[in-house]
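Beneath this line is the structure, given in structure tokens, with notes to follow.
Since the model is a prediction, treat every value here as computed from it, not as a measurement.
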Amino acid sequence: MGPPSDAMSRSDVDSRTHPRWFTPLRLLAIFCYTNLFVYLDRGVIGSNGVNGSPVSEQNPEGSGIQGEFKLTYFQDGLLPAAFMVGLLLSAPVFAEACKHVSAFRLLAIGMGIWTVACIGCGIAPNFIFLLFCRALVGVGEASFVSLAAPFIDDCAPAKNKTKWFAAFYLCIPVGFALGYIVGGVVAAQLSWRWAFIFEAIFMVPFVLFVSLVQPLQLHGTKHTPTPGGSVAQTQNRLSVVLRTFWNDIKKVCAQRVWVIVDVAYTFYVAVIGVYGYWGPQAGRQLFFGTDSSSSASTADLAFGGVTVITGVVGSLGGGIILDLVGSTVRNANILCAVSSLLGCVICILAFSTTQSFAAFMVVFAFGQLAIFLLQAPVAAVGMWCVPSALRPLGISIMTVSIHLFGDVPSPPLLGLLQSALAEGKEGHEAAEQWRVSMSLVSILLAVAGLLFLAAARFSTPGTDFREIDKEDDEKKDNAKSEVLPPSEADSEDPCNDSVPLLQDKMDLGEMRGLGTPSNSAGNGLGLIILLQAQQRK
């Protein structure tokens, strides 16, 4: 079964609804640039050059963050955990706020916080301050991960939507990889601190852009400024917002396919978090030892280069495959399942059987290629399984859960496991325990694959809200054509004030069959009456 054929894609809406600076490709390029540096930061903090190595008998001073602040593996694992705590607490806030405030302005606020926090990481005088700044980096990134993908979903051509998601999400592995490389090179030439400062400088143009240009409207959101009033009125409005927020959460969590995909993605992200944070160090200790600074740079460059190639090919390949077989929710889940199961087998082979760094990187590259195939499909299905107006909230809730239960606990837990396995062992024998710990965590990919298969089993046309949104748009267009003369219907300016007024007075989402037939008929009659009133004005 092929993808729903939109009578009129949201990306094909009259250009008068968009600011003058806007073109779909320009927006995609801007967001890809930003996504690249967002995930470059993740790679920087995980690189051997920046993260460094702990104090040991072979290396009494250590290196990087671990050496300067004298961190244990567990303390070091708290750095990504602090980042994720900031992200998961803030993502739902940004998602709900976009229903009341311009999403573009929220991006400016969030990424402005991100930029300042990265500079703070670069000048951190102690470990506690660094932890606090990493949490603020997560707060800032929450705005981008919640709002960027829905903009792309709105603007991408209907027939190539998954390819556009692939282009956007391939910046994740590429950014990670460049972070490994940049972290290693900058730390070797200057200091680990300068890596954070440089990435902050490159984010400034995006912050200025989304702060100053005419903002782009996100489909399904209404910008309704909150009027002033007494304390009691403010408290009442806050109560209404919180009640609406809770109801929206329940609507998202009522979608069975979305819930299963969310759990599957959590297991997947837990493994990716371990690979991203501990992978370069595991490769270094297994095949080089810890007493050579050149080995750290070699491991960083190798992991970075392989991740760039496999990330680009895998992410684009997943999007292309899904568009070829038909971008349905069921096909997307099947592709995610195959990707996870195949990647599980290959990555376990890489960690458990290879005897040289070259052989390890070749096998691990094929494993990464397999697991990166699901980047675009899983992002798409996460938005297609919820109503369009709730896409930012759906993404933010998924972001919270995959990090809260995925890559927030997985790096420190892997650090504890590795410390326990290596306890009482020295040198090569201690390094060999990375084979056990990394193979054990890779098994979680198999769990994710089985859950994606379960989601595919429950995926039916009724779970795809693209089709439901299409029906809503057709009802709205039919109602307008019945009320307005053809000339007025054709010349109606989508940017005039009547459209927001109608949206404020009536939630078309209630016409999705959630109420009784009489309620639906009443809503349709109300729409006709409102349109006639606008025509008389």
Which pair of heavy atoms, one from [X] and one from [Y], lies closest together, and at what distance?
X	Y	result
Gly382	Val386	O-CG2, 3.9 Å
Ala167	Cys32	O-SG, 3.6 Å
Ala337	Gly449	CB-O, 3.4 Å
Arg391	Asp153	NH1-OD2, 2.8 Å
Val259	Cys253	CG2-O, 3.3 Å
Phe196	Cys118	CB-O, 3.3 Å

Interatomic spacing from [atom1] in [X] to [atom2] in [Y] - rounded to 0.5 Å:
X	Y	atom1	atom2	answer
Met203	Leu40	CE	CG	9.0 Å
Ile321	Ile334	CD1	CD1	13.0 Å
Asp248	Leu390	CG	CG	5.0 Å
Leu178	Asp41	CG	CG	13.0 Å
Ile119	Phe198	CD1	CZ	12.0 Å

Student check: side-chain heavy atoms of [X] and [Y] closer than 4.5 Å:
X	Y	answer
Ile109	Ser143	no
Ile395	Pro150	yes
Pro24	Trp164	yes

Is there a donor-acceptor pair closer than 3.5 Å between any side-chain N or O of [X] and the backbone N or O of [Y]?
X	Y	result
Arg105	Val210	yes
Ser90	Leu87	no
Asn35	Phe168	yes
Tyr268	Ile371	yes
Ser339	Leu335	no
Arg134	Cys121	no
Asp323	Lys163	yes
Ser401	Met398	yes
Thr34	Ile30	yes

Assert yes or no for the condition that the ring centre distance of [X] to [Y] is strictly below 6.0 Å.
X	Y	answer
Phe151	Phe104	yes
Trp114	Phe144	no
Phe37	Tyr33	yes

Next item on the list: Starting from the C-alpha separation in whole Å, work towards a yes-or-no answer on side chain to side chain contact (heavy atoms under 4.5 Å, CB included) for Phe372 and Val312.
Entry: CA-CA 9 Å; Phe372 284 142; Val312 171; over 6 Å; no
Checklist line | Step-by-step side chain to side chain contact (heavy atoms under 4.5 Å, CB included) determination, Ser340 to Phe452 | finding: CA-CA 9 Å; Ser340 300; Phe452 279 123; 3.8 Å; yes
Next item on the list: Tell me, with the steps shown, if Leu27 and Thr23 meet side chain to side chain contact (heavy atoms under 4.5 Å, CB included).
Entry: CA-CA 6 Å; Leu27 182 73; Thr23 67; over 6 Å; no
Checklist line | Over 12 non-hydrogen atoms of neighbours within 6.0 angstrom of CZ in Phe267 | finding: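 No, the 6.0 Å shell around CZ holds no more than 12 heavy atoms from other groups.
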Check: Take atom CZ in Phe366; do more than 12 heavy atoms of anything else shown fall under 6.0 Å from it?
Finding: no
Margin query: Please identify which of these residues, Val271, Leu342, Ile272, meets the side-chain contact (heavy atoms from CB on, under 4.5 Å) condition with Leu445.
Written below: Val271
Notebook entry, point to check: Which is it for Glu141 and Phe83 under the side chain to side chain contact (heavy atoms under 4.5 Å, CB included) test, yes or no, and what are the steps along the way?
Noted result: CA-CA 9 Å; Glu141 186 176 320; Phe83 165 85; 2.9 Å; yes
Margin query: Can you tell whether the side chains of Arg42 and Glu199 come within less than 4.0 Å, N to carboxylate O?
Written below: no
